[in-house]
Number of protein chains: 2
Amino acid sequence: MSENTKKNLQEAGLKSTLPRLKIMEILQSGKHLSAEEIYKYLIDNSYDVGLATVYRVLTQFENAGIVIKHSFESSKSVYELNDSDHHDHMVCLESGKIIEFHDEIIESRQEEIAKKHGYDLIDHNMVLYVKKKK
Amino acid sequence: MSENTKKNLQEAGLKSTLPRLKIMEILQSGKHLSAEEIYKYLIDNSYDVGLATVYRVLTQFENAGIVIKHSFESSKSVYELNDSDHHDHMVCLESGKIIEFHDEIIESRQEEIAKKHGYDLIDHNMVLYVKKKK
DNA sequence: ATGCTTGCAAACGGTTTGCACGTGT
DNA sequence: ACACGTGCAAACCGTTTGCAAGCAT
């Protein structure tokens, strides 16, 4: 797996350095993590990185299409690996839990709406804010 | 109209002060404006406010349900009057133009999705990023 | 050997806050 | 008169950047 990661990085024109490999590895968890969370995790596991490096690496990964950046809450951004099959998110306002989902009906409807207004749909951002049903 | 505005403010427990009335008036334009844009507009029209006041007023308005805050681009937020009939937004990546729309199919689909996962839909955020059809 | 990467600390940009003064009711 | 609102400047917080040193190829 690490060999694979190395290749992925090189294909993206990025030298396979330790910070990059470590960050990639953390992202494999499938969680939605902030730069700071990743940074803290590395420090706690006694790998010394600079927070700036974490930001730089994440930005490079984003540009390379390796990760996707979200801003569910206004201030800090979170990152997740781009598994390349698109999904949207639901955030529980009570627990903060993030649920991923995909809905073809909504997707195609979005296309139609853009078209109807004379535009091509390039991308979209959709987050549902929810609470556990009682 | 200004009398009405005054009443609205008071109902929200906010004294009807000049900064608040002026900001309310600017928002009537129906545009999506940032705090800084509102601030500049006031200064340019020779009404001296502090930027901090603009932020404070907008936050109070948001809490009172008078305005809605969006973050279409990551950094600055924009505000619009809450006309209380809900709509979503489409942003043109080339011109920056913002188009409002409402789609019942998507709305009800969102409800269903939340339910299907055992949640109640409280709110949502949806932005389509588009480009003019060529 | 070269140029990309890194860590650090300083800068950044949007937003918030403490404080003393001003204003609406 | 009183509490609430305001302006200013300083603080804030997440993120970015300049620089000199370090590392992958």
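Since the model is a prediction, treat every value here as computed from it, not as a measurement. Residue numbering restarts at 1 for every chain, and letters A, B, ... go by the order of the sequence lines.
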Q. Which of residues 29-39 of chain A sit near DNA chain D, with a heavy atom under 4.0 Å from it?
A. none
Q | SB check B:E11 B:K7 (cutoff 4.0 Å) | A | no
Acceptor/donor pairs from residues 37-48 of chain B side chains to any protein atom, 3.5 angstrom cut, sequence neighbours excluded:
| from | atom 1 | to | atom 2 | distance (Å) |
| --- | --- | --- | --- | --- |
| B:E37 | OE1 | B:S34 | N | 2.8 |
| B:E37 | OE1 | B:S34 | OG | 3.4 |

Q.
Show me the pairs that pass salt bridge (Lys or Arg N to Asp or Glu O under 4.0 Å) and involve residues 97-106 of chain B, at least two apart or across chains.
A. A:R109-B:D103
Q.
Measuring to OP1 and OP2 of D:dT16, would you say a side-chain N or O of A:Y55 lies under 4.0 angstrom away?
A. no
Q: Calculate, to the nearest 0.5 Å, the distance between atoms NZ and SG belonging to A:K132 and A:C92 respectively.
A: 7.5 Å
Under 3.5 Å, which donor-acceptor pairs link side chains of residues 54-64 of chain B to any protein atom two or more places apart or in another chain?
| from | atom 1 | to | atom 2 | distance (Å) |
| --- | --- | --- | --- | --- |
| B:T59 | OG1 | B:Y55 | O | 2.8 |
| B:Q60 | OE1 | B:R20 | NE | 3.4 |
| B:Q60 | OE1 | B:R20 | NH2 | 3.3 |
| B:N63 | ND2 | B:T59 | O | 3.4 |

Q. Which whole-number value in Å describes the distance from A:E62 CD to D:dT15 C1'?
A. 13 Å
(Q) Rounded to whole Å, how long is the line connecting atom NZ of A:K22 with atom P of D:dA24? (A) 14 Å
Q: Calculate, to the nearest 0.5 Å, the distance between atoms CD and CG belonging to B:Q28 and B:D83 respectively.
A: 11.5 Å
Q.
What is the separation between atom NZ on A:K40 and atom P on D:dG14, rounded to the nearest whole Å?
A. 9 Å
Q: Using only side-chain N and O atoms of A:Q10, determine if any of them is under 4.0 Å from OP1 or OP2 of D:dT25.
A: yes
Q. Between B:F72 and B:H89, what is the ring plane arrangement, given parallel below 30°, perpendicular above 60°, and tilted in between?
A. tilted
(Q) Checking one residue: B:L128. Which other hydrophobic residues are in its cluster under the side-chain 4.5 Å linking rule? (A) A:M90, A:I99, A:F101, A:I106, A:I113, A:Y119, A:L121, A:M126, A:L128, A:V130, B:M90, B:I99, B:F101, B:I106, B:I113, B:Y119, B:L121, B:M126, B:V130
Q.
Using a 4.0 Å heavy-atom cut-off to protein, can you give one letter per nucleotide of nucleotides 2-7 of chain C, 5' to 3': B if the base is in contact, S if only the sugar-phosphate is, - if neither?
A. -BSSBB
Q) How close or far is atom P of C:dT23 from atom CG of B:L9, stated in whole angstroms? A) 18 Å
Q: Nearest whole angstrom, please: distance from the P of C:dT15 to the CG of B:L58.
A: 10 Å
